[in-house]
Amino acid sequence: MAVTAPISAEQLRAVLAPVLPWLAGEADQPARAVLGPAVKTSARWLAQQVPGRSVEVRVPPHVAVQCVPGPRHTRGTPPNVIETDAATWLRLATGLQTWDDAVTAGRVHASGNRADLSEHLPLPPLRRPRG
């Protein structure tokens with residue numbers, strides 16, 4: 001298994017910057033060469049910050065990561081799975097959509113008693129100051 005270097009907050013912000021106009025409805029969907037790294041990096045940043053193997057987060061076709069401390073999953077379909085599309089994932093990661101709104105709208109499919117990322121989203125480096 002290859003070990004990857006930790007992702008910094010600056011790297012996370014930089015890879016997401018090109019997709020923000022699209023997420024805000026101000027631009028067309030970016031090319032897969034831009035969208036893919038934004039999804040992968042943000043999901044891997046979550047897994048880096050909330051390590052564990054009790055929840056699998058899937059954003060097909062881009063990435064699947066395991067995160068959240070708890071019972072380790074080793075074979076078959078994990079008991080705690082979260083699956084969503086790229087746009088929803090990026091809106092959750094950046095704080096443009098709340099977890100509850102995405103789940104209620106059917107944009108996030110979450111199964112299992114640990115399949116709730118609301119306390120981890122938006123990703124801390126991307127949270128907007130409240131004021």
Side-chain angles (χ1 to χ4, degrees):
M1 183 162 117
V3 176
T4 59
I7 300 162
S8 70
E10 293 77 22
Q11 289 171 308
L12 177 63
R13 285 187 202 98
V15 77
L16 289 172
V19 302
L20 294 177
W22 170 59
L23 296 174
E26 300 166 355
D28 291 336
Q29 180 173 331
R32 186 175 173 138
V34 173
L35 185 58
V39 172
K40 289 175 188 173
T41 302
S42 56
R44 290 176 179 158
W45 195 92
L46 172 69
Q48 169 185 292
Q49 300 302 311
V50 188
R53 294 192 173 270
S54 70
V55 176
E56 185 164 293
V57 178
R58 299 174 181 168
V59 186
H62 303 287
V63 71
V65 297
Q66 291 185 351
C67 57
V68 182
R72 181 182 169 142
H73 165 74
T74 56
R75 298 180 66 191
T77 301
N80 299 288
V81 176
I82 295 165
E83 188 165 329
T84 191
D85 61 276
T88 302
W89 168 252
L90 292 171
R91 286 185 183 108
L92 290 166
T94 59
L96 295 173
Q97 185 170 27
T98 68
W99 177 261
D100 290 340
D101 287 348
V103 170
T104 300
R107 304 294 299 174
V108 169
H109 302 284
S111 63
N113 62 354
R114 294 178 175 269
D116 181 346
L117 295 178
S118 58
E119 73 178 88
H120 307 293
L121 298 170
L123 300 177
L126 307 174
R127 290 182 182 158
R128 292 174 175 79
R130 295 182 182 167

Asks: Under the rule for side chain to side chain donor-acceptor pair (under 3.5 Å), what residues qualify as partners of W89, not counting sequence neighbours?
Replies: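 With neighbours one apart ignored, the set is S42.
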
Asks: Hey, quick one: are V81 and W99 part of the same hydrophobic cluster, counting side-chain heavy atoms closer than 4.5 Å, chains of contacts allowed?
Replies: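 V81 does not cluster with W99.
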
Asks: Is there a side-chain contact between P125 and Q11, using heavy atoms and a 4.5 Å cut-off?
Replies: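 Of all side-chain heavy-atom pairs linking Q11 with P125, none is under 4.5 Å.
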
Asks: Is there a side-chain contact (heavy atoms from CB on, under 4.5 Å) between V63 and R44 once you walk through the steps?
Replies: CA-CA 9 Å; V63 71; R44 290 176 179 158; 4.2 Å; yes

Asks: Over all heavy atoms of both residues, which pair between A115 and A110 is shortest? Give the atoms and the distance, please.
Replies: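 Where A115 meets A110 most closely, the heavy atoms are O-CB, 3.4 Å.
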
Asks: Going from CG on L96 to CG on L90, what distance comes out if it is rounded to the nearest 0.5 angstrom?
Replies: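 Rounded to the nearest 0.5 Å, the CG-CG separation comes to 9.5 Å.
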
Asks: Of all heavy-atom pairs between G95 and P122, which one has the smallest distance, and what is that distance?
Replies: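 Residues G95 and P122, closest heavy atoms: N-CB, 3.3 Å.
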
Asks: If the condition is side chain to side chain donor-acceptor pair (under 3.5 Å), which residues does R13 pass it with, not counting sequence neighbours?
Replies: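 By the side chain to side chain donor-acceptor pair (under 3.5 Å) rule, R13 matches no residue at all.
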
Asks: Enter the distance from Q48:CD to S8:OG here, rounded to the nearest 0.5 Å.
Replies: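 Nearest 0.5 Å value for the CD-OG distance: 8.5 Å.
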
Asks: If you compare all heavy atoms of L123 against all heavy atoms of L12, which two are closest, and at what distance to 0.1 Å?
Replies: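 Closest approach of L123 to L12: CD1-CD2, 4.0 Å.
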
Asks: If you round to the nearest 0.5 Å, how far is CD of Q66 from CZ of R58?
Replies: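 So the gap between those two atoms works out to 9.0 Å.
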
Asks: What residues form a side chain to side chain donor-acceptor pair (under 3.5 Å) with D85, not counting sequence neighbours?
Replies: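 Side chain to side chain donor-acceptor pair (under 3.5 Å) list for D85, sorted by chain: T88, R107.
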
Asks: Please give me the minimum heavy-atom distance between G36 and H62, naming the atom from each residue.
Replies: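 Residues G36 and H62, closest heavy atoms: CA-ND1, 3.5 Å.
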
Asks: Walk me through it: do S118 and D116 pass the test side-chain hydrogen bond (donor to acceptor under 3.5 Å, both in side chains)?
Replies: CA-CA 6 Å; S118 58; D116 181 346; 2.7 Å; yes

Asks: R127 and E119: which non-hydrogen atoms are nearest, and at how many Å?
Replies: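 That closest heavy-atom pairing would be NH2-O, 3.4 Å.
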
Asks: How would you list, by chain and number, every residue that makes a side chain to side chain donor-acceptor pair (under 3.5 Å) with S111, sequence neighbours excluded?
Replies: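 Partners of S111 by the side chain to side chain donor-acceptor pair (under 3.5 Å) criterion come out as none, since no residue qualifies.
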
Asks: For a quick test of your reading: what N or O donor-acceptor pairs under 3.5 Å do the side chains of residues 21-31 make, sequence neighbours left out?
Replies:
none

Asks: In Å, rounded to the nearest 0.5 Å, how long is the span from CG of L126 to CG of L92?
Replies: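 If we round to the nearest 0.5 Å, L126:CG and L92:CG are 12.0 Å apart.
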
Asks: Suppose we screen for side chain to side chain contact (heavy atoms under 4.5 Å, CB included). Which residues come up paired with V50, at least two apart in sequence or across chains?
Replies: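 Listed in chain order: L46, V68, P69, H120.
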
Asks: For a quick test of reading the model, state the closest non-hydrogen atom pair linking N113 to N80 and the distance between them.
Replies: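 So the two residues come closest at N-OD1, 3.1 Å.
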
Asks: Please name the residue in the list V108, T84, L117 that meets the side chain to side chain contact (heavy atoms under 4.5 Å, CB included) test with V57.
Replies: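 Result for side chain to side chain contact (heavy atoms under 4.5 Å, CB included) with V57: L117.
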
